[in-house]
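For reference, the structure is listed below as structure tokens.
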Amino acid sequence: MAGRILVFVEQRDGILRKSAAEALGLAVRLGGEVHALLVGENVSALAAPLGASGAQTVHTVEDARLARYWSEGYTAALAAAIQTLQPDLVLLIATAMGKDLLARTAARLGLAVLTDCISLEEADGSFQAVKSMYGGKVFATVRATRKPAIASVRPSAYPVPAPMDRQAEVRPLAVDLPAEHRARVLEVVKQEEGELDVQEAEIIVSGGRGLKEPANFALIRALAGVFGAAVGASRAAVDAGWIDHSHQVGQTGKAVSPKLYVAVGISGAIQHLAGMRTSKCIVAINKDPDAPIFQVADYGIVGDLFKVVPAMVAEVKKVKQ
Amino acid sequence: MKIVVCVKQVPSSEARIVIDADNTGIRLDEVEMVVNPYDEYAVEEALRIREARGGGEVIIATVGPEKAQTEIRKCLAMGADRGVIVQDEAFLGGDGLGTARILADVIRALEPDLVLCGKLSIDVESDLVGVALAEQLGWAHASLVTKIEWTGDRQARVHREIEGGAELVEISLPAVLTAEKGLNEPRYASLKGIMAAKRKPIEVVRPNASPDEVNAAAAGVRTVSLAPPPARTGGKKFADEVEVAVPRVVELLRTEAKVL
């Protein structure tokens, strides 16, 4: 039994992120008392419904200055919650916010740190994780040496749990926020309206050098469209200027773990595999039968992507009707 | 303006990584070592800031074994002015918080206006040091920076990459910024730069912290075992006509993988 777990649940613009439910689902799996920390401005209405994802008690910290992410403000809130609740484990999902908040909080309190875990469990009374290192060439099993441990888990590594018929208890937490608002977020600039982010998508369709020209990303977008997927890219496509770096999957891009990853015209260099090899299901489309991507693909199609992709778009549309 | 750039020596991303016999360490003796790619963006940005302001000092700070001086030398060849290294084995082997503590001690003594480093290192990928360092120094920070726009001598607006977009963060010096890919294109060292670098100083220093506060024993995490990534077996490959292969795969996605 994991004892007491404190889960940081992320919200942005007053909407809970998918990562919130993933983190709570994992906390429930680990067992023990599940507490959540919700930070923001006017977010209390989001709190009780977190019970459906497994939170027993939600501690809320609300202030106008917390409306957007504020590293030192959020760190003060999380540190206060840790000091008040004395959890065995503090859990976050490794989003941009989660990673940042974990680092500052861990340094403030001298916590045992497990970052970007592919899996997390309890072993011999300690928290143990598997994490990817050396660009995916090494899977390390690491263990926290003391409690509380603080851990960030890779987005989509764990599923969103089936909702339960439960409301959480809500308790406001008073926190002394720093007087000075340093590193203030002035505004948030959206990448492309309505575009699914690669790290939040259940399905990703990625394009690589095999597309030959930037205009051919239209094929990727079309296939992503019928799957309801996010658009990803290999480093080659990003470095060629065909698509923005925010879509890059791989060692110097994002690490993703969706339920389905479709690699189109991507050879499968080790640095790309580092970012997607933990996907639940991998489909590869490449004209080279010896492309390394086929070594990790569950289903591989050796063929001309300019024929295969349009055929797949039509077939998926048909099947979904 | 005095800028410290934290740089780590790491195995090249092309290197073959060999796990040692007892599965708890990596054999690094024959591996090509490089400057952590994310730290290169930080070095480049420091050089550009110095160029834009017509003066200033860029100092490279490293925590690592003596052979890591090779990477400092590469950064000096790019144009940095001098380097400092904590290389005493007694201080090495700790986790990211230990490294941050050492760097904080070194940096406090240097009294810079700005600290730049990569967002993470491509070897152990703990994704911790830059932000932990800011906390240790008691400074403001912004991580995942893809653009820095100076709005004053000691004030900037930085773009921080987040899911689906970017946060525009207003930040004042002193501060720590961690670099994300896309911040800039690092320059190659010129032959002139490489020659000049040979004469630039690299100072060996020690932190105020004692080894017990920052070494492996002090670390909050230990490695249980290392293994190559699990093989994905049982994959099916279809080389048939498109009209055959595509419907077959889509059918399998629906019925076997159950992802559709």
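Quick note on labels: first sequence line is chain A, next is B, and so on, each numbered from 1. Computation of the quantities below employed the complete heavy-atom set of this structure, encompassing side-chain atoms and omitting hydrogens, waters and symmetry-equivalent molecules.
Heavy-atom pairs under 4.5 Å with chain B were tallied for A/V188, A/I203, A/T278; the largest tally goes to A/V188. When A/K320, A/K137, A/H247 are compared by the number of non-hydrogen pairs under 4.5 Å with chain B, A/K137 comes out ahead. With chain A as the partner, the residue from B/V131, B/L133, B/T146 showing the most heavy-atom pairs under 4.5 Å is B/V131. In terms of non-hydrogen atom pairs under 4.5 Å with chain B, the most contact-rich of A/Q199, A/R108, A/R17, A/K131 is A/R108. For the set A/V308, A/L260, A/V138, the entry with the most heavy-atom pairs within less than 4.5 Å of chain B is A/V138. Heavy-atom pairs under 4.5 Å with chain A were tallied for B/Q136, B/E167, B/R254; the largest tally goes to B/E167. With chain A as partner, the option from B/G130, B/A15, B/A142 having the largest number of non-hydrogen pairs under 4.5 angstrom is B/A15. Heavy-atom pairs under 4.5 Å with chain A were tallied for B/D95, B/V169, B/D240; the largest tally goes to B/V169. The greatest number of non-hydrogen atom pairs below 4.5 Å with chain B, out of A/T95, A/T75, A/D298, is found for A/D298. The most heavy-atom pairs under 4.5 Å with chain B, out of A/M97, A/M312, A/R143, come from A/R143. If you tally non-hydrogen atom pairs under 4.5 Å between each of B/L97, B/V129, B/V158, B/D127 and chain A, the highest count goes to B/L97. Interface summary for chain A: among B/E256, B/R157, B/R160, the most heavy-atom pairs under 4.5 angstrom belong to B/R160.
When heavy atoms are compared at a cutoff of 4.5 Å, B/A156 does not approach chain A at all. The part of B/L144 that comes within reach of chain A is its side chain, from C-beta onward, which places non-hydrogen atoms under 4.5 angstrom from that chain. Both the backbone and the side chain of B/A134 come within contact range of chain A, judged by heavy atoms closer than 4.5 Å. With a 4.5 Å cut-off on non-hydrogen atoms, A/Y299 touches chain B through its backbone and its side chain both. Looking at A/V198, neither its backbone nor its side chain comes within 4.5 Å of chain B, counting heavy atoms on both sides. Using a 4.5 Å cut-off between heavy atoms, B/D123 touches chain A through backbone and side chain atoms alike. Heavy-atom distances place both the backbone and the side chain of B/R222 under 4.5 Å from chain A. Both the backbone and the side chain of A/V113 come within less than 4.5 Å of a heavy atom in chain B. Looking at A/Q128, only its side chain comes within 4.5 Å of chain B, counting heavy atoms on both sides. For a residue to count as touching a neighbouring chain, one of its non-hydrogen atoms must lie under 4.5 Å from one of that chain's; by this rule A/E180 does not touch chain B. Heavy-atom distances place no part of B/R101 under 4.5 Å from chain A, backbone and side chain included. If you measure heavy-atom distances from B/H159 to chain A, you find no contacts under 4.5 Å at all.
The neighbour count for B/E30 CD, taken as heavy atoms of other residues, nucleotides or ligands under 6.0 Å away, does not exceed 12. Within a 6.0 Å sphere centred on CZ of B/R108, heavy atoms belonging to other residues, nucleotides or ligands number more than 12. Counted within 6.0 Å of CZ on B/R154, heavy atoms from surrounding residues, nucleotides or ligands total more than 12; the atom is thus considered enclosed. Atom NZ of B/K67 has more than 12 neighbouring heavy atoms from other residues, nucleotides or ligands inside a 6.0 Å radius.
In this structure the side chain of B/V242 never reaches within 4.5 angstrom of the side chain of A/I301, judged on heavy atoms. Looking at heavy atoms from C-beta onward, A/L114 lies in side-chain contact with B/V221 at the 4.5 angstrom threshold. A/T252 is listed as a side-chain neighbour of B/Y38, based on a closest heavy-atom distance under 4.5 Å. Annotation: side chain of A/K280 is not in contact with side chain of B/V259 (no heavy-atom distance under 4.5 Å). Using a 4.5 Å heavy-atom cutoff, the side chains of A/M133 and B/I26 are not in contact.
Taking every heavy atom of both residues into account, A/T115 and B/S126 meet most closely at OG1-O, 2.8 Å. When all heavy atoms are compared, the tightest approach of B/L168 to A/V189 is CD1-CG2, 3.6 Å. Here the closest non-hydrogen pair linking B/G164 and A/D197 is N-OD1, 3.0 Å.
Atom CG in A/L102 sits 7.0 Å away from atom CG in B/L128 (nearest 0.5 Å). One finds the CD atom of B/E170 at 9.5 Å from the NE2 atom of A/H181 (value rounded to the nearest 0.5 Å). Annotation: the span from B/S12 atom OG to A/Y134 atom OH amounts to 13.0 Å, rounded to 0.5 Å. Going from atom CD of B/E161 over to atom OG of A/S246 covers 6.0 Å, rounded to the nearest 0.5 Å. With rounding to the nearest 0.5 Å, the separation of OG1 in A/T105 from CD in B/E135 is 8.0 Å. Note that NZ of A/K259 is 8.0 Å distant from CG of B/L260, once rounded to the nearest 0.5 Å.
Of the N and O atoms on the side chains of A/D100 and B/S143, at least one donor lies less than 3.5 Å from an acceptor on the other residue.
In this structure, A/T145 contributes its side chain and B/G220 its backbone to a donor-acceptor pair below 3.5 Å. In this structure a side-chain-to-backbone donor-acceptor pair under 3.5 Å is present from B/E163 to A/A96.
Using non-hydrogen atoms only and a strict 4.5 Å limit, the part of residues 225-233 of chain B facing chain A consists of B/S225, B/L226, B/A227, B/P228, B/P229, B/P230, B/R232. Within residues 172-185 of chain B, the residues having any heavy atom under 4.5 Å from a heavy atom of chain A are, by residue number, B/E180, B/K181. Interface residues of residues 244-253 of chain B toward chain A, defined by a heavy-atom distance below 4.5 Å and sorted by number: B/A245, B/V246, B/P247, B/V249, B/V250, B/L252, B/L253.
Looking at residues two or more places apart in sequence or on another chain, you find a side chain to side chain donor-acceptor pair (under 3.5 Å) between B/S13 and A/Q271.
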